[in-house]
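FYI, the numbering just counts along the sequence from 1. What you see below is based on every heavy atom in this structure, not just the backbone, and it leaves out hydrogens, waters and symmetry mates.
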Amino acid sequence: MGKQINITVDGVQITVPEGTTVLEAIKKLNKVVPTFCYHPKLPVFGGCRMCLVYESRWRRNIIACATKVEEGMEIQTDHKTTAEERKFILEMLFTRHPLDCPICDKAGECDLQNWGTYYGTQVNITPITPFEKIRPEENWESDFFEYVSNRCVLCLRCVSVCHNVVQAKTLNQKERGFEIVISPDKKPMDSKSSCEACGLCVDVCPVGAILFKPFKYKTRPWLLKESVVSCGLCFMQCPVAIDHDGKSIYRIRSTADLRICGNVYLGYDVQDSNRLQQGLADGKPISPTEGIKTIAEKINSHRPEETAVILSPYSSTETFKGIKKLLTKIPLIATSTITLDYMPTVAGFKEEAGEYTPPTEEEVLTADSIIVVGGDVSQTNPVMPYLFGGVYHEGIELIKGKKVYFLGESLKHLKKLNPVWERFAIKGLRKKLKEIIKETKGKTVVIYDVHSHITEKAYKIGKALGKFHKETGVKVLLAPSQTNTVGLYETVDNLTCLTDVLNKVKEGKIKNLIIFDEDITRYIEPDHLREVLMSAQFTAVISPFSDGLALSSNVAVGCSLWFEEERTTKGFLGERKNPPTIPRGLPQARIVETILSAVKPQEGNRSQPKLCLYTDKGISTRETSIWNLNHITERSNNLREYRQKREGV
């Protein structure tokens with residue numbers, strides 16, 4: 001334990017570690033000090049001056065956010081001069097701030113509104129009429145984000161979060177004093193700037209200066225319920241806040257962790273995109289009960305080896321546990337897209353290293369250097385690069401930004417970190433990694449983008465990384481793109497190679513194909529998938545969507561999306577369990593449970609599954625995008641419109 005400092009706050013003596021700010025020391029007594037520019041995950045700015053407190057020994061006000069504690073300090077949070085100066089600061093802000101709360105989307109969660117109410121009615125300190133409360137306008141030329149310069153309190157949180165967390169460096173201040181406006185690096189913002197559409201600038205804005213246009217004028221915050229869950233769109237499991245009324249989602253925001261990407265920020269509208277609420281049989285509506293009954297009948301009427309189940313790494317662990325029970329009752333063939341990339345990679349790694357233990361979040365955050373191998377990890381897990389910057393706690397920088405190396409063919413959004421870039425080659429990978437760590441100082445973590453290679457190449461890369469880890473002790477993160485790849489891998493331990501399954505379908509050896517979700521459309525080319533589906537005697541899909549595979553299958557059963565069901569997943573942050581935000585549709589786990597109760601036990605011999613080390617024509621990984629991660633995000637109208645502007649397609 002480091003040196004401890006004794007201070008007194010409003011007559012109460014407390015002890016805090018040396019280096020603690022006065023603001024954070026005061027918080028330990030559950031006392032509230034007003035702030036605008038301060039955020040515990042951002043560097044201290046000290047520009048708003050709202051956090052003033054009185055230091056009795058010094059006989060003056062000090063800013064609490066930027067002043068570190070000293071032995072014997074005597075702090076008063078409600079001193080007369082402190083209250084007067086806070087009120088004066090508010091009066092200055094209100095003098096230029098339009099009193100348009102009735103039409104402002106921030107009303108009800110606005111810091112200026114809250115503190116103005118707390119300190120009493122505000123009056124203009126200069127004879128300025130409402131028509132003169134104007135500042136230079138700044139049009140961001142965006143269909144999703146709007147800047148209202150009159151409301152800006154010049155806290156620069158938006159600039160700070162864009163530079164220090166996202167590291168996109170999109171937003172910057174222009175001019176000085178009351179003429180300051182916030183502007184993107186390029187316009188139109190949606191198509192030319194470095195903006196990633198994460199929405200963090202909206203979330204950290206303490207007033208209504210930056211707005212999310214799709215939410216504008218829709219509802220009031222106090223009419224909505226908030227559910228904090230782990231995002232279900234990629235491996236990162238970022239905590240997000242979903243605002244809803246019990247029926248519809250109005251927006252999805254970041255939590256205080258400041259981890260969110262454009263896929264979930266813009267993609268909340270997928271809740272209403274071509275949803276399959278009931279079921280389909282050859283294109284005609286049926287009830288989910290009828291669809292599940294048909295699936296069970298098909299399983300019962302065939303030998304176990306004639307039915308294959310394709311599992312999705314976006315499904316819940318509860319679903320996988322149900323499937324495991326089903327496979328015990330009937331030895332069906334089970335497969336998944338993870339047999340193409342994640343499983344060969346892990347198998348190669350374990351063959352050399354003996355076991356695979358991924359680095360923890362703490363180990364990634366505290367690393368001095370990061371080596372990204374294979375693909376640009378920002379395309380498959382957009383928030384991952386946020387962890388490579390400086391780490392701030394209570395406004396103080398604990399860890400400086402990391403030096404980043406990239407060994408790959410295509411550098412995309414990771415270029416914002418200015419990595420040392422060299423072309424990727426499997427041969428000589430271990431040697432190259434060793435050369436890099438000789439140059440680095442301190443701790444290094446290697447991150448391999450699992451989505452970048454499949455089958456034999458994935459296996460060889462896994463072996464190279466495993467041998468490298470064994471020889472150097474450097475931690476390696478094998479990062480898949482899907483939410484619950486690890487949960488599937490650890491729960492269902494006898495998956496058959498997907499390529500073998502597809503070939504057996506075409507050969508007529510597998511008659512029935514039961515597909516969970518639609519992530520296979522990101523691995524199998526349309527013509528090849530069409531050929532497979534036509535070769536099967538019976539195909540069933542369990543999907544949230546009425547388009548896609550639902551139209552190509554004999555039976556389709558609608559199911560819940562990731563925020564609509566109670567579910568457990570295992571990813572970067574370990575095991576996470578989510579409650580249902582808006583219970584809608586049938587959870588996949590319940591569908592499996594119903595199938596399990598309807599099928600009859602069968603005997604059968606399943607051969608030991610072989611590792612997927614070859615690829616047939618028609619199988620390849622579709623390139624992901626920072627605004628198009630998977631089959632879920634590609635159905636969002638917001639994201640589709642944004643991609644059209646950004647990528648011109």
Side-chain angles (χ1 to χ4, degrees), residues 144 162-163 165-171 184-186 188-200 233-236 238 259-267 341 364 369-389 401-426 429 436 445-454 457-458 461 477-482 522-523 572 620-634 636 639-649:
F144 295 95
C162 193
H163 282 245
V165 176
V166 185
Q167 302 164 83
K169 299 178 177 62
T170 304
L171 298 180
D185 54 350
K186 293 180 182 178
M189 187 175 180
D190 293 345
S191 58
K192 293 186 178 180
S193 77
S194 60
C195 177
E196 296 182 8
C198 66
L200 280 173
L233 295 180
C234 81
F235 173 65
M236 291 299 293
C238 299
R259 293 184 185 178
I260 196 169
C261 73
N263 283 276
V264 66
Y265 203 88
L266 299 185
D341 50 20
V364 175
S369 302
I370 299 288
I371 307 174
V372 178
V373 176
D376 186 333
V377 74
S378 70
Q379 299 297 100
T380 52
N381 293 282
V383 173
M384 183 75 78
Y386 294 11
L387 278 60
F388 302 166
K402 302 152 188 41
K403 186 168 185 179
V404 180
Y405 298 82
F406 177 61
L407 300 179
E409 291 298 322
S410 180
L411 182 63
K412 304 241 171 146
H413 279 82
L414 202 60
K415 66 184 177 184
K416 66 185 178 182
L417 304 181
N418 297 313
V420 178
W421 180 18
E422 292 192 40
R423 298 293 177 181
F424 173 83
I426 299 176
L429 173 61
I436 293 175
V445 170
V446 174
I447 299 176
Y448 171 59
D449 179 31
V450 168
H451 188 74
S452 56
H453 298 91
I454 59 175
K457 285 185 178 180
I461 292 171
L477 176 62
L478 306 178
S481 59
Q482 308 96 333
R522 311 281 293 191
Y523 285 79
F572 179 67
S620 61
T621 55
R622 186 187 301 183
E623 185 175 350
T624 61
S625 153
I626 196 169
W627 304 290
N628 189 12
L629 288 181
N630 51 43
H631 62 286
I632 301 172
T633 58
E634 69 184 13
S636 162
L639 285 167
R640 187 180 300 114
E641 181 183 338
Y642 193 82
R643 287 194 300 271
Q644 287 172 348
K645 284 174 165 290
R646 178 66 60 174
E647 301 168 356
V649 292

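The pair E634-R622 counts as a salt bridge, with a side-chain nitrogen and a carboxylate oxygen less than 4.0 angstrom apart. The pair K412-E623 meets the salt-bridge criterion, with a side-chain N (NZ, NE, NH1 or NH2) lying under 4.0 Å from an Asp/Glu carboxylate O.
Taking every heavy atom of both residues into account, P382 and N263 meet most closely at CG-ND2, 3.9 Å. Taking both residues in full, the closest heavy atoms of Y448 and V373 are given as CD1-O, 3.4 Å, listed atom of the first, atom of the second, then distance. The shortest heavy-atom contact between F572 and M236 is CD2-CE, 3.8 Å. When all heavy atoms of Q167 and P385 are compared, the closest pair comes out as NE2-O, 3.0 Å.
Taking a 6.0 Å sphere around NZ of K169, one finds it holds more than 12 heavy atoms contributed by other residues, nucleotides or ligands.
For the pair K416 (side chain) and V166 (backbone), a donor-acceptor distance under 3.5 Å is present. For N418 (side chain) and K403 (main-chain N/O), no donor-acceptor pair under 3.5 Å exists by modelled atom type. Within the 3.5 Å criterion, the main-chain N or O of C261 finds no donor-acceptor partner in the side chain of W627. Using modelled atom types, no side-chain atom of D190 and backbone atom of Y642 make a donor-acceptor pair closer than 3.5 Å. Checked by atom type and distance alone, the side chain of R423 never pairs as donor or acceptor with a backbone atom of G408 at under 3.5 Å. Of the possible polar contacts, one joining the S194 side chain to the A168 backbone as a donor-acceptor pair under 3.5 Å is found. Of the possible polar contacts, none joining the D341 side chain to the H451 backbone as a donor-acceptor pair under 3.5 Å is found. Counting only distance, with no hydrogens or angles, the side chain of N630 and the backbone of T633 share a donor-acceptor pair below 3.5 Å. Looking only at distances, no side-chain donor or acceptor of W421 sits under 3.5 Å from a matching main-chain atom of E409.
Between the CG atom in L171 and the OG atom in S193 there is a gap of 8.0 Å [rounded to 0.5 Å].
Remark: aromatic rings of H453 and F424 are close, center separation under 6.0 Å. Note: Y523 and H631 fail the aromatic proximity criterion, with ring centroids not under 6.0 Å apart.
Checked options D376, D449, I370; the residue passing with L414 is D376 (criterion: side-chain contact (heavy atoms from CB on, under 4.5 Å)).
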Check against side chain to side chain contact (heavy atoms under 4.5 Å, CB included), L429 and L407
CA-CA 9 Å; L429 173 61; L407 300 179; 4.0 Å; yes

Derivation of the side chain to side chain contact (heavy atoms under 4.5 Å, CB included) call for V450 and F235
CA-CA 11 Å; V450 168; F235 173 65; over 6 Å; no

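Between D185 and T170, the side chains place no donor N or O within less than 3.5 Å of an acceptor N or O (distance only, hydrogens not considered). Between the side chains of S625 and Q379, no donor-acceptor pair of N or O atoms lies under 3.5 Å.
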